[in-house]
Number of protein chains: 2
Amino acid sequence: MSKASSETGRKDNAVPLRDKQRTWSIGELARMFEVTPRTIRFYEQEGLIAPQRIGQKRIYHTRDRVRLKLTLRGKRLGFSLAEIREVITMYDAMPGGNARQLQRLLEILAERREELDRQLEDIHLMRMEIDNVDQRAREALRKLDQTN
Amino acid sequence: MSKASSETGRKDNAVPLRDKQRTWSIGELARMFEVTPRTIRFYEQEGLIAPQRIGQKRIYHTRDRVRLKLTLRGKRLGFSLAEIREVITMYDAMPGGNARQLQRLLEILAERREELDRQLEDIHLMRMEIDNVDQRAREALRKLDQTN
DNA sequence: CAAGCACTTTACGTTAACGTAAACCTCGTC
DNA sequence: GACGAGGTTTACGTTAACGTAAAGTGCTTG
């Protein structure tokens, strides 16, 4: 994907335990995750993040950082922002959610799990395909080297 | 993903060995893979498939069917059509390709493999995340059941 | 206090991957 | 020979996920 292949080289964005209370600006987060501020604002607009405000400025807490990470991970797996939001917002409404909401959440989770399983299968097949082509390319190269 | 989640229930499109020589119309293929004819024509326009023509009509052979399957699999994994084409066309130019082309193909394959590995990791993490939420949702439900 | 940097909002632009509609062939069949 | 089912081309429309540009705010640093 132009999406995925352009994300070669993920940044290590682990945060020390004692930084649990740290906050970040939009620019800092953008650099951490190698996205633009625009992207982060867009996710907020779509209801995926809800940073604190101090005056005009957005302040991101650990909670927001985690959400962003989950969102980007979901994106790499091909999920739409709408689907990601569906899970994230329900996750939020959980402690206190009524039984119907919880049941619905379980359904959604089951769907996601199935989707992930399908992807695992796809990855397997794709890998075999790639290994196959790889083999044949190497053999073709060997034959070229021999005749030259 | 609207893409993926709308593809719940993949069709078994295995083809018996003695059907290796069979051909298909665009409509048949479309039904097999649960896409519209428009989609298949679009993939042709983008250089991913190149069916035979008899008069006006497109005739699809096993080779085309395989390509379509690979394309859709790639799509489910989030690859763009451009990336898929890059591999498919090089795969075609292989028997007879020069050394530079083959080397390039090996590079592309390596990239794809890395991308797949990243996706595997993402799936793992995502699964843990989902299992986690699932647990908490079930507990919340249990507590609700107890108090009622 | 001017300059610069990081942030803000608003709004229009862009790209990929098709959807959809119209208008036209070409069969087999009733 | 009308017609219905499948196919065809052409072309404009749509949606998601941002990119990009303009114009303004607020701090701090020389």
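Within every chain, numbering begins at 1; the chains are lettered A, B, ... in the order of the sequence lines, protein sequences first and strands thereafter. Keep in mind it's a predicted model, so treat the numbers as computed, not measured.
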(message) Please pick, from D:dA17, C:dC18, D:dG19, the nucleotide with the shortest atom-to-atom distance to any side-chain atom of B:Thr39.
(response) C:dC18
(request) Tell me, please, which residues at least two apart from B:Gln52 pass side-chain hydrogen bond (donor to acceptor under 3.5 Å, both in side chains). (result) B:His61
Specify the separation, in whole Å, of atom [atom1] of [X] and atom [atom2] of [N].
| X | N | atom1 | atom2 | result |
| --- | --- | --- | --- | --- |
| B:Gln45 | C:dA17 | CD | P | 12 Å |
| B:Glu44 | C:dA17 | CD | C1' | 16 Å |
| A:Ile84 | D:dC18 | CD1 | C1' | 14 Å |
| A:Phe42 | C:dC12 | CZ | P | 17 Å |
| B:Leu72 | C:dA17 | CG | P | 12 Å |
| B:Ile40 | C:dC18 | CD1 | P | 11 Å |

(request) Hey, could you give me the CD/OG1 distance between B:Glu44 and B:Thr39, rounded to the nearest 0.5 Å? (result) 13.0 Å
(request) Supply the atom-to-atom distance B:Leu68 CG to B:Ile49 CD1, rounded to the nearest 0.5 angstrom. (result)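 B:Leu68 atom CG to B:Ile49 atom CD1 measures 4.5 Å (nearest 0.5 Å).
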(message) When you group the ILVMFWY residues by side-chain heavy-atom contacts below 4.5 Å and let the links chain together, are A:Leu106 and B:Leu144 in the same group?
(response)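 Looking at the clustering, A:Leu106 is in the same group as B:Leu144.
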(request) Take B:Leu116 and B:Phe79 through the side-chain contact (heavy atoms from CB on, under 4.5 Å) test and state the conclusion after the steps. (result) CA-CA 10 Å; B:Leu116 289 181; B:Phe79 292 97; 4.1 Å; yes
(request) Please state whether the phosphate of D:dA16, meaning OP1 or OP2, lies under 4.0 angstrom from any side-chain nitrogen or oxygen of A:Lys75. (result) no
(message) With a 4.0 Å limit, can you tell me whether B:Tyr43 has a side-chain N or O closer than that to the phosphate oxygens OP1/OP2 of C:dC18?
(response) yes
(message) Using a 4.0 Å heavy-atom cut-off to protein, can you give one letter per nucleotide of nucleotides 5-11 of chain D, 5' to 3': B if the base is in contact, S if only the sugar-phosphate is, - if neither?
(response) --SBB--
(request) Can you establish whether the number of heavy atoms outside A:Arg53 located under 6.0 Å from its atom CZ is more than 12? (result)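 Counting neighbours around CZ of A:Arg53, more than 12 heavy atoms of other residues, nucleotides or ligands fall under 6.0 Å, so yes.
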